[in-house]
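To find a chain, count down the sequence lines: A is the first, B the second, and so on, and within it residues start at 1.
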Amino acid sequence: MEYNFRNIEQKWQQQWQDTNAYKVSNESAKPKFYVLDMFPYPSGAGLHVGHPLGYIGSDIYSRYKRLKGFNVLHPMGYDSFGLPAEQYAIERGQHPAITTDQNIKTFRSQLDKIGFSYDWSRELRTSDPSYYKWTQWIFLKLFNSWYNRSLHKARDISNLILVFEKEGNGSVGKHGGISIFISEEWMAFNEKQQQEILMNYRLAFSSFGEVNWCEALGTVLANDEVVNGVSERGGFPVIKKKMRQWYLRITEYADRLLEGLEHVEFTESLKEQQRNWIGKSQGSEIVFDIKGVGDNKKLRVYTTRPDTIFGVDFMVIAPEHDLVPQITTPEQQEAINQYLNYVKSRSERERLTEVKQITGCFTGAYALNPFDGKEIPIWIAEYVLAGYGTGAIMAVPCGDQRDFSFANHFDIPITNIIGSYFNGSEANPTKEAVLENSGFLDGLVMKDAMEVAITRLEELGIGKRQVNYRMRDAGFSRQRYWGEPFPIVWKDGIACPLPENELPLELPYVDKYGPGHEGEGPLANITHWVNLPDGGKRETSTMPGYAGSSWYFLRYMDPFNDNEFCSRKASDYWKQVDLYIGGTEHAVGHLLYSRLWTKVLFDLGFIGHDEPYKKLLNQGMIQGSSRFVYRIMGTNEFVSFALKDNYDTHALHVDVNIVDGVILDTEAFKTSKPEYANAEFILEDGKYVCGIEVEKMSKSKFNTVNPDILVEKYGADTFRMYEMFLGPVEMSKPWDTKGIEGVHRFLRKLWRLFFDELKGKVWNTDKATDAELKVLHRTIKKIEEDTEKFSFNTAVSAFMMCVNELGELKCYKKEVLEKLLILLTPYAPHISEELWNLLGNEGRILDATFPGYDGKYLVETSKEYPVSVNGRLRTTIGISLDATQDEVEKIVLANETVQKWLEGKLPKKIIFVKNKMINMVI
RNA sequence: GCGGGUGUGGCGAAAUUGGUAGACGUAUCAGACUUAGGAUCUGACGCCGCGAGGCAUGGGGGUUCGAGUCCCUCCACCCGCACCA
């Protein structure tokens with residue numbers, strides 16, 4: 001009887017499906033555990049070996065937790081709305097609903113072959129109306145909420161209206177550009193004015209704003225979807241455009257999003273990325289008078305270094321700053337106009353990439369230093385951003401390198417306030433210097449002077465402490481088709497929410513789902529849908545890809561609920577996701593937005609926790625190892641790697657599947673493409689050697705490896721274990737199929753502990769020896785520890801060692817083997833089930849209990865201790881474990897080899913490290 | 001530039017956290033059994049050396065009886081962020 005993995009795997013996968021083996025109940029006396037994979041966008045390209053890496057890790061952990069007695073929620077679904085799905089559909093010329101459905105089917109069948117333990121009954125799709133009904137519902141909650149800054153919590157908007165009616169907005173503070181009003185003023189506003197004011201407080205709000213407009217994609221993109229001035233998807237140019245858009249007021253949550261990072265287990269680098277994105281900076285705002293202009297025109301700058309105020313040699317304001325036209329002197333008008341034209345001609349991309357170039361223009365105006373009255377020239381320059389701080393800075397050339405370069409470039413005299421810390425040829429951003437030329441701050445160390453300066457500024461009423469964030473409110477609308485429609489109707493310029501009983505507002509079916517024109521999305525073309533009988537017009541943009549993924553982890557808890565997005569009972573039972581596995585690419589997108597939604601839902605009392613994920617594990621990316629052939633220019637002749645420099649060649653990707661290691665299968669190559677049919681080769685040692693490069697795994701690079709082929713050839717269990725064996729899950733590594741044989745060999749060796757090809761059944765019910773139990777218990781301990789810390793690669797090694805050792809001991813004992821099978825279940829579920837069954841066990845192995853290890857088999861009564869003299873290993877000596885220090889010394893000193901090294905002398909010190917080694921110092 | 005991370009055999013990687021470096025697996029070589037082997041098993045396999053032995057965890061220095069592990073310093077690579085005032 002041999003290991004026939006194909007039959008075994010098919011049989012058990014069918015069985016699991018037929019018996020709903022992995023269905024999970026919300027009612028259980030067991031402790032809960034929630035293991036979640038980042039749900040995929042079902043791309044049409046199919047899986048490559050990189051995709052299942054995290055899924056295998058999470059599957060192992062879920063199965064392990066289940067054996068440990070937990071009620072484990074381990075669901076899967078699809079992020080099926082969004083830009084990628086729509087783009088793919090457009091490329092195929094098919095409706096996204098159809099392509100999405102097809103892709104999901106392919107995806108599912110590929111996943112099923114690997115033997116995952118998902119509870120598929122809870123499957124969800126973000127593009128399903130029964131799901132996005134609740135995405136829309138949560139949007140309405142965001143729309144109907146505001147952030148109460150004194151409670152640090154979201155509150156219903158009705159409660160804000162009450163405050164306005166009673167006392168105006170004095171106590172809640174200015175949000176957006178709204179000025180302070182009192183109760184009477186509020187009552188005097190008409191409906192439209194009131195709604196416009198409320199819009200400045202809503203957590204989901206609409207506003208005209210500069211957005212990242214991508215002409216090629218015909219849509220607006222979020223900041224994190226724009227990389228280096230081009231779209232993340234497709235790499236198309238992105239420009240700024242003013243449009244009415246929806247936003248989420250994530251900036252109100254900046255502090256809580258930062259603070260929450262202290263309580264979750266994310267990697268330091270991921271936390272750092274989020275902190276970076278939020279970009280909190282503590283500083284102060286200072287108001288400067290402008291020479292010769294009225295009191296109503298003052299220059300407000302933002303700085304983190306108020307201590308350097310006496311070192312300010314010039315001011316720089318953003319070219320877009322409101323003051324520019326107001327303060328420019330007639331003499332400078334011409335130059336300023338020219339400069340503004342230049343700035344306008346610069347694309348976002350150029351401004352981002354050509355950062356080294358120093359440009360700017362003097363306005364002719366001067367600000368006045370409030371302490372010594374010094375006249376400070378005001379410049380404009382594109383390096384100062386309108387959107388950050390006040391859009392104006394005070395420049396201190398001796399302390400800031402950018403300011404220094406600017407001063408140098410335009411010959412602005414530099415004031416040195418830090419004495420010898422400034423060497424005249426570069427700025428020194430130190431906080432340790434003792435201030436000079438700094439009026440009342442003279443003699444103070446800079447870091448102490450900050451506090452003194454800001455206090456004085458506040459006393460004078462010309463400055464205040466100010467916290468700034470780099471993060472902006474998140475753009476929440478897309479001029480696209482394939483997304484959630486907004487449950488909003490515009491009436492006379494007022495955004496009216498749809499009543500809850502009209503949800504879901506279904507996405508109308510259209511034939512033309514391509515981009516609309518002039519910024520409006522495709523929905524604008526469906527006039528019968530847009531225009532309502534009462535004169536209202538539906539919002540025509542749709543929600544972005546991250547809408548549905550911001551709360552899906554909650555829906556899995558209660559997926560069939562028609563009355564609520566998730567009952568409080570269900571979310572109180574499952575609580576946070578205990579383990580969330582996925583890549584780092586969502587560090588500042590999905591992971592930030594879903595944290596925001598969770599916090600809002602928590603504030604509003606719909607759920608009981610305000611961080612969605614307890615622990616996040618980032619699986620590394622599996623890269624492709626590409627192979628290259630070198631074609632001699634203008635010929636059909638290919639030259640082997642080592643000889644390529646003798647010719648004028650260019651490198652071409654060659655399909656990794658026809659290369660064995662680095663050796664090209666030249667016959668397969670000839671048949672791979674018609675143009676290669678007559679290819680000729682210049683070989684080295686009779687072989688064609690390919691070049692290697694590690695790149696992202698992608699079809700276009702011919703370096704993808706399809707898991708289906710590996711599963712077909714070696715089985716799912718081998719595939720699962722090999723993916724884990726490659727190395728730590730969190731590390732990126734190039735794929736190499738070579739070693740998979742070793743893992744497959746291990747499973748066959750395991751099989752032979754139960755059945756022999758010739759002899760048949762070899763397992764028996766004899767009593768296990770101490771030596772055998774020792775191997776078993778050591779393995780139990782190791783597997784438990786490794787699985788617990790996600791060290792799946794070392795766990796696989798431990799299995800291999802265990803089977804090797806049992807093989808050497810000729811241990812075919814059921815007592816030992818069945819426990820080993822339980823350990824192995826999470827890693828290789830099919831073979832474990834089968835052997836468990838063949839051992840005559842009742843029930844399913846997935847309901848077994850993870851065995852405990854007995855310490856007595858791990859402890860040795862005596863041990864060979866290494867003995868070293870002055871740290872150098874000399875010999876080993878067997879000593880019983882309960883020997884006292886004195887006894888150890890006696891035994892060691894009596895040893896002949898040790899005596900030889902001591903040369904008759906007595907050691908100064910004998911160090912006896914229990915269970916480790918003995919070292920003597922002479 | 002700033003932040004995070006990594007550096008160990010031909011290759012993927014281990015190392016109980018300061019205690020015999022290279023487990024486990026691949027690759028390679030040798031052998032056994034075989035009509036055959038891409039099956040199975042055994043052995044060798046960091047470097048130098050016939051050997052005893054010596055040298056080895058990116059380089060250099062330090063702490064320690066003892067360092068891959070801790071400290072200082074330099075170097076290389078990967079990943080984020082980047083005129084953010």
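- Between A:Tyr714 and A:Tyr722, the ring centre distance reaches or exceeds 6.0 Å.
- Nucleic acid contact class of A:Pro728 (heavy atoms, under 4.0 Å, all strands): sugar-phosphate only.
- For the residue pair A:Thr415 and A:Asp313, a side-chain donor N or O sits within less than 3.5 Å of a side-chain acceptor on the partner.
- OP1 or OP2 of B:C41 sits under 4.0 Å from a side-chain N or O of A:Arg752.
- Taking only side-chain atoms of A:Asn793, from C-beta outward, the nucleotide of B:A85, B:G80, B:A14 with the closest atom is B:A14.
- Atom NZ of A:Lys615 sits in a crowded spot, with more than 12 heavy atoms from other residues, nucleotides or ligands closer than 6.0 Å.
- In terms of phosphate contacts, A:Arg745 brings a side-chain nitrogen or oxygen within less than 4.0 Å of OP1 or OP2 of B:U26.
- In this model, no donor atom of one side chain and acceptor atom of the other lie less than 3.5 Å apart for A:Asn618 and A:Thr584.
- In this structure B:U34 sits in no base pair that meets the Watson-Crick or G-U test at under 3.5 Å.
- If you take atom P in B:G22 and the same atom in B:C47, they sit 14 Å apart, rounded to whole Å.
- Spacing between B:G66 and B:A14 at atom P, rounded to whole Å, works out to 29 Å.
- Picking from B:C81, B:G3, B:A85 the nucleotide with the shortest atom distance to the side chain of A:Glu272 gives B:G3.
- Atom CD1 of A:Ile783 and atom C1' of B:C24 are 12 Å apart (whole Å).
- Nucleotides B:G19 and B:U64 are separated by 12 Å at their C1' atoms, to the nearest Å.
- Atom name C1', nucleotides B:C55 and B:U8: the rounded distance is 15 Å, in whole Å.
- Note: CZ (A:Phe404) to C1' (B:G1) measures 16 Å, nearest angstrom.
- Among the heavy atoms of the strands, none lies under 4.0 Å from A:Asn468.
- Taking the C1' atoms as reference points, B:U17 lies 12 Å from B:A67, given to the whole Å.
- The interatomic distance linking A:Gln623 (CD) with B:C77 (C1') rounds to 13 Å, in whole Å.
- Whole-Å rounding puts the A:Ile740 CD1 to B:A13 P distance at 17 Å.
- Against the 90° criterion about 0, the sugar-base torsion of B:G43 places it in the anti range.
- The residue A:Arg275 sits apart from the nucleic acid: no heavy atom pair falls under 4.0 Å.
- In this structure, the nucleotide among B:G4, B:C83, B:G80 sitting nearest to the side chain of A:Asn276 is B:G80.
- A glycosidic torsion no more than 90° from 0 defines the syn conformation; B:U40 lies beyond that range and is anti.
- Taking only side-chain nitrogens and oxygens, A:Tyr383 never comes nearer than 4.0 Å to OP1 or OP2 of B:A85.
- As the counterpart of B:A76, B:U6 is assigned, both hydrogen-bonding distances of the Watson-Crick or G-U wobble pattern falling under 3.5 Å.
- A:Ser797 comes within 4.0 angstrom of a base, heavy atoms only.
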Run the numbers on A:Gln623 and A:Ser732 for side chain to side chain donor-acceptor pair (under 3.5 Å), then give the verdict. CA-CA 7 Å; A:Gln623 294 135 320; A:Ser732 289; 5.1 Å; no
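- Regarding A:Trp735, its CH2 atom lies at a distance of 15 Å from the P atom of B:G12, rounded to whole Å.
- B:G1 is paired with B:C81 under the Watson-Crick or G-U wobble criterion, all donor-acceptor distances under 3.5 Å.
- Toward the 5′ end of RNA chain B lies the nearest nucleotide of A:Glu268, the other residue of the pair A:Tyr302 and A:Glu268 mapping further downstream.
- Paired with A:Tyr3 under the rule ring-ring contact (aromatic ring centres under 6.0 Å, His included), one option of A:Phe755, A:Phe746, A:Trp751 passes, and it is A:Trp751.
- Comparing the P positions of B:G58 and B:C11 gives an interatomic distance of 13 Å, to the nearest angstrom.
- In this structure, the CD atom of A:Glu785 is 15 Å from the C1' atom of B:A14, given to the nearest Å.
- When distances are taken from the side chain of A:Met731 to each of B:G25, B:A85, B:A13, the shortest belongs to B:A13.
- Residue A:Val743 is the one, among A:Val743 and A:Met920, whose nearest nucleotide of RNA chain B lies closer to the 5' end (criterion: closest heavy atom).
- With hydrogens and angles left out, the side-chain atoms of A:Thr251 and A:Tyr469 include no donor and acceptor closer than 3.5 Å.
- Taking atom C1' in both B:G25 and B:C45, one finds a spacing of 14 Å when rounded to whole Å.
- Residue A:Phe406 contributes atom CZ, which lies 17 Å from atom P of B:C83 at whole-angstrom precision.
- Look at CD on A:Glu730: it is 12 Å from P on B:A13, rounded to the nearest Å.
- Using a 4.0 Å heavy-atom cutoff across all strands shown, A:Asn804 reaches sugar-phosphate atoms only and no base atom.
- Across B:A15 and B:U69, the matching P atoms stand 15 Å from one another, rounded to whole Å.
- Between A:Arg748 and B:U40 there is a side-chain polar atom (N or O) within less than 4.0 angstrom of OP1 or OP2.
- If you check every strand for non-hydrogen atoms under 4.0 Å, A:Lys749 touches sugar and phosphate atoms only.
- Note: A:Phe314 and A:Phe406 meet the aromatic proximity criterion, with ring centroids under 6.0 Å apart.
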